[in-house]
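The analysis underlying the following values was restricted to heavy atoms, covering all of them including side chains, and did not include hydrogens, waters or symmetry mates.
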Amino acid sequence: MKKMQPLLYIRNRTNSLFHRLIAGFLCIVLLLASLTLYSLYVTKKSVEQEVVKYNTSLLANTRDSYEKHLDLIRKQMLLFMSSETIWQLQHEASSAVYPVIVREIQRWTSVPYMHIENIVFYSKKNELIIERSTSASAESMFNVFTASREYPLSFWRQQFAEPYSFRVLPSATFDNLIFKDSPEPLGEMIPVVIKGVYTPDFYMIVFLDAVRMYEAFHQSVHKDFMIYDDGGRPIFGREGEEPMLSLEEIREAGASGKFIRNGTYYFAFASDATGFTYVSRVPADTIAAQTRINATLLVTTLSAFALSILFSFVFAARINNPLRKVIESIRGMNADRAPYRSNIKEFDMISGQIHGNWMLFEHISFFNRLKAIRNQGPEAASLDFTDKPFVFVLFHMQPGENESNPPEVMQNWLYYVRIFIDSRLKPEYPDSLTFQIEREQILSLIFTDRSEDVVGTLESMKTVFDQDREHGIMTMVVTSTYSASSQLTAAYEEAQELAGERLLTDATQIVDRRGAPPVASGFSSDREKELEANLRGGNAAQLTALLELYFAKWRRTPPTAASLARFAESTASKIRNSVVPFPLDPEEIDAVLGREGERIARCRTVRELEELLIEWVTRTAEAVRVKKDEKRPVTALIAEYIEEHLAEEMYLDVLAEKFKMSSGYLSTYFKAKTGMNLVDYINETRIKKAASLLDEEALKIREAAERVGYRNITSFNRMFKKYTGLTPTEYRKRNESA
């Protein structure tokens, strides 16, 4: 047994979190060390291949760029050469087209990505040259303005006899020799000759800027580069100290790809389109240098491994110690003890979550006790207290004026309200509890025997809630002082009863005592009969006066919000019962009342509630009156009135007042019955009448417009053309000619 004790000791020690963390970190360090060394080994083997592949790709891109650009030059210049102005230059040789061609050449040479230095048109017939500056003789052009030893005048004259249509010539240096003592270098350029099939005595020379093309298309850091044509002539090149291999030597080594010659990598690609061969050269020692492992890198890697092992011990200790304290905190956790705070975020979250669970158990037990629900949980005992006075503060929210706020927005707002309430109560009452008990109610339990001090605290919060009325109107209820946990249910019931004492107003309220006896808010028997009779009779004015009578009385002694809500619900019910099923159908009264419960709950003031009820009785009366007038449709009366009063000012509000309807209801009703907007009907009727006046009477157009109600002749003309397709003048002329 004594021999087993050392083994058991080692096993117990190695089972600790610290040793497990150390072992895990060391395994990770060793694994990373192995992977790093293997990566260095593989990298050494693959770097050379990647560098070769990279240079091959660069040359391929360079070839493609040159080929695409030469193809672009060929196509664009052939289009230019086939233009009408160039045709005139070839066949008529009129000096009138010279400026046009010069401007076109200047336009092409100003395009940066074309890399065109100059465009020259050469006519053999009269030795005429047209280029970007002016016209000149061929001798002046090639011996003075654009002179080159490689391309004298005789060379350009010889090109008329050459049987080709497109040729890229080797690059050469050109100079301006106007001042022979100080020639002006024009730079290195690649001439491109383009000849027409049917015009052998005329051709175009495009001078491409060889240096700009090289800088744009050749992207390698190594400058050695050469372009050979299919005959082996260098078209353009840049060489270092050693001369580039000839095309024949390159073809012997391989038509394309890569090869090594004299310690130098050659990369070569041939083009099928032009037959050119593109060659770049990279010193082999440059590539080899990139594959060597620097000794500093190896030392740095080994040092990093050693530091990783050291940091493993440090990190393991920094994780193990806070975790051990969190466990100790869990063992001694209770509702009165603050959670352990760690500088490690995750441990802080774990400790806070555990403490939150304790608080949740406490809140659940509190809910059960609050609403007199039996609970056998072990946490119930922690809520028992005696000789510890308390009050309840109930925060009741009525939805605000913004009806478009979705439920989640309101819940988020209530969440922040709860946080705000907690932040204002905790400094003064550290052991207070605040939580949301209903969708629109937040309850705070405050241990104090001075409810007046609580009211003072709520007064300081009132300003904040007043600024948030867009979201909701807050009512704060303060109960009487209670002395023991057995009175929680009674205190909660008092809070709910006091919440019913709030008034219908858009300001934050504090309710801490019961108000006066409730004011009777229902209809008397006689008034109820009067309401029903006027509803069935469609008497909107009498209904409005009846409601205004009640609300005028309540302005002196306002009833509570609850009693007003009950009155509004009762009124909506009486409206529905009075006119359904006759003279209105259920669907018709639903269109008037809508979702009455939600609309009543949205009313924040007595005035808003009054306007809502007046709207309901007015619209109901209008609907009843329309039903009664169906034997003689209202639309016919409206049409007759419009016909008889065309010359007068006629607005929607005027018509609505005439026929005892609201303007909105009249507009909707007329369109539903006739399929036409009322304003459009008035305008169409006026224009028809105006047209008949222009047909039958020798009136001036302005007089006809005034007779049908148009004081502005411009508006009359515009409206007349809209409905007839002609202006009044055109209409009268057409009738006179007919």
Working for side chain to side chain contact (heavy atoms under 4.5 Å, CB included), residues Arg107 and Arg103: CA-CA 6 Å; Arg107 186 177 68 83; Arg103 285 196 298 273; over 6 Å; no
Verdict with reasoning, Thr173 to Arg149, per side chain to side chain contact (heavy atoms under 4.5 Å, CB included): CA-CA 8 Å; Thr173 301; Arg149 288 181 297 177; over 6 Å; no
Side chain to side chain contact (heavy atoms under 4.5 Å, CB included) between Arg238 and Val211, intermediate numbers included: CA-CA 10 Å; Arg238 288 290 184 269; Val211 176; 3.5 Å; yes
CA sep, side-chain torsions, deciding dist, call: Glu188, Ser171, side chain to side chain donor-acceptor pair (under 3.5 Å): CA-CA 6 Å; Glu188 185 177 0; Ser171 65; 3.0 Å; yes
Side chain to side chain donor-acceptor pair (under 3.5 Å) assessment of Glu67 paired with Thr274: CA-CA 7 Å; Glu67 291 293 315; Thr274 60; 2.6 Å; yes
CA sep, side-chain torsions, deciding dist, call: Met141, Val120, side chain to side chain contact (heavy atoms under 4.5 Å, CB included): CA-CA 9 Å; Met141 180 67 186; Val120 175; 3.5 Å; yes
Intermediate values then yes/no, salt bridge (charged side-chain N to carboxylate O under 4.0 Å, His left out), Lys75 and Asp71: CA-CA 6 Å; Lys75 291 178 180 178; Asp71 184 60; 3.2 Å; yes
Pair Ser137-Glu139, side chain to side chain donor-acceptor pair (under 3.5 Å): steps then yes or no: CA-CA 5 Å; Ser137 65; Glu139 183 174 0; 5.6 Å; no
Full working for salt bridge (charged side-chain N to carboxylate O under 4.0 Å, His left out) between Glu104 and Arg132: CA-CA 8 Å; Glu104 187 67 16; Arg132 71 174 180 179; over 6 Å; no
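At least one side-chain heavy atom of Ile235 sits less than 4.5 Å from a side-chain heavy atom of Phe276. Side-chain atoms of Val102 and Thr134, non-hydrogen and from C-beta on, never get closer than 4.5 Å to each other. Under the 4.5 Å side-chain criterion, counting only non-hydrogen atoms from C-beta, Tyr266 is not in contact with Ile260. The shortest side-chain heavy-atom distance between Met244 and Asp224 falls under the 4.5 Å cut-off. Using a 4.5 Å heavy-atom cutoff, the side chains of Ile205 and Trp156 are in contact. In this structure, the side chains of Leu70 and Leu208 come closer than 4.5 Å at one or more pairs of heavy atoms. Between Asn118 and Ile105 the shortest side-chain heavy-atom distance falls below 4.5 Å. For the pair His222 and Asn55, the minimum side-chain heavy-atom distance is below 4.5 Å.
In this structure, a donor-acceptor pair under 3.5 Å is absent between the side chains of Gln159 and Tyr122.
Atom NZ of Lys68 is surrounded by 12 or fewer heavy atoms from other residues, nucleotides or ligands within 6.0 Å. Counting heavy atoms of neighbouring residues, nucleotides and ligands inside a 6.0 Å radius, atom CD of Glu239 exceeds 12 of them. Counted within 6.0 Å of CD on Glu162, heavy atoms from surrounding residues, nucleotides or ligands total more than 12; the atom is thus considered enclosed. Shown here is Phe155, whose CZ atom has more than 12 heavy atoms of other residues, nucleotides or ligands within 6.0 Å. Sparse packing is recorded around OH of Tyr54, with 12 or fewer heavy atoms of other residues, nucleotides or ligands lying under 6.0 Å away. The 12-atom threshold is not exceeded at CZ of Phe179, counting heavy atoms of other residues, nucleotides or ligands nearer than 6.0 Å.
Closest approach of Val279 to Ala268, counting heavy atoms only: CG2-CB, 4.1 Å. In plain terms, the two heavy atoms of Leu186 and Asn176 that are nearest each other are CG-N, 3.9 Å. When all heavy atoms are compared, the tightest approach of Phe160 to Ser123 is CZ-C, 4.2 Å. Taking each heavy atom of Ser135 and Leu128 in turn, the nearest pair found is CB-CD1, 4.3 Å. Taking both residues in full, the closest heavy atoms of Ile101 and Thr85 are given as CD1-O, 3.9 Å, listed atom of the first, atom of the second, then distance. Of all the heavy atoms in Ala138 and Ile129, the pair that sits closest is CA-CG1, 3.5 Å.
The structure places OG of Ser271 at 10.5 Å from CD1 of Ile227, a figure rounded to the nearest 0.5 Å. Once rounded to the nearest 0.5 Å, the distance linking CD1 of Ile116 with CD of Gln76 reads 8.5 Å. Leu79 contributes atom CG, which lies 9.0 Å from atom OG of Ser83 (distance to the nearest 0.5 angstrom). Interatomic distance, OG1 of Thr264 versus CZ of Phe259, reported as 10.0 Å (0.5 Å rounding). From Ser65, atom OG reaches atom NE2 of His218 across 11.5 Å, with rounding to the nearest 0.5 Å. To the nearest 0.5 Å, atoms CD (Glu131) and OG1 (Thr109) are separated by 9.5 Å.
For the pair Ser110 (side chain) and Gln106 (backbone), a donor-acceptor distance under 3.5 Å is present. A side-chain donor-acceptor contact under 3.5 Å links Glu249 to the backbone of Ser246. Remark: the backbone N or O of Gly231 is paired with a side-chain donor or acceptor of Asp229 at under 3.5 angstrom. A donor-acceptor pair under 3.5 Å is formed between the side chain of Arg281 and the backbone N or O of Glu242.
Across Met81, Lys124, Lys125, a single residue satisfies side chain to side chain contact (heavy atoms under 4.5 Å, CB included) together with Phe202, and that is Met81. When each of Phe80, Tyr203, Tyr98, Trp87 is checked for a ring pair (Phe, Tyr, Trp, His ring centres under 6.0 Å) with Phe121, only Phe80 meets the rule. Each of Val193, Val192, Leu78 was compared with Phe166 under the side chain to side chain contact (heavy atoms under 4.5 Å, CB included) criterion, and only Val192 meets it.
In this structure, Tyr278 has its ring center at least 6.0 angstrom away from the ring center of Tyr228. Side-chain rings of Phe217 and His115 approach one another, their centers coming within less than 6.0 Å. Separation of the Phe142 and Phe174 ring centroids does not fall under the 6.0 Å cut-off.
Geometrically, Lys195 engages Tyr164 in a cation-pi contact, judged by NZ or CZ lying under 6.0 Å from the ring centre and within 45° of the ring axis. Geometric assessment of Arg63 against the ring of Phe269 yields a positive cation-pi assignment under the 6.0 Å and 45° thresholds.
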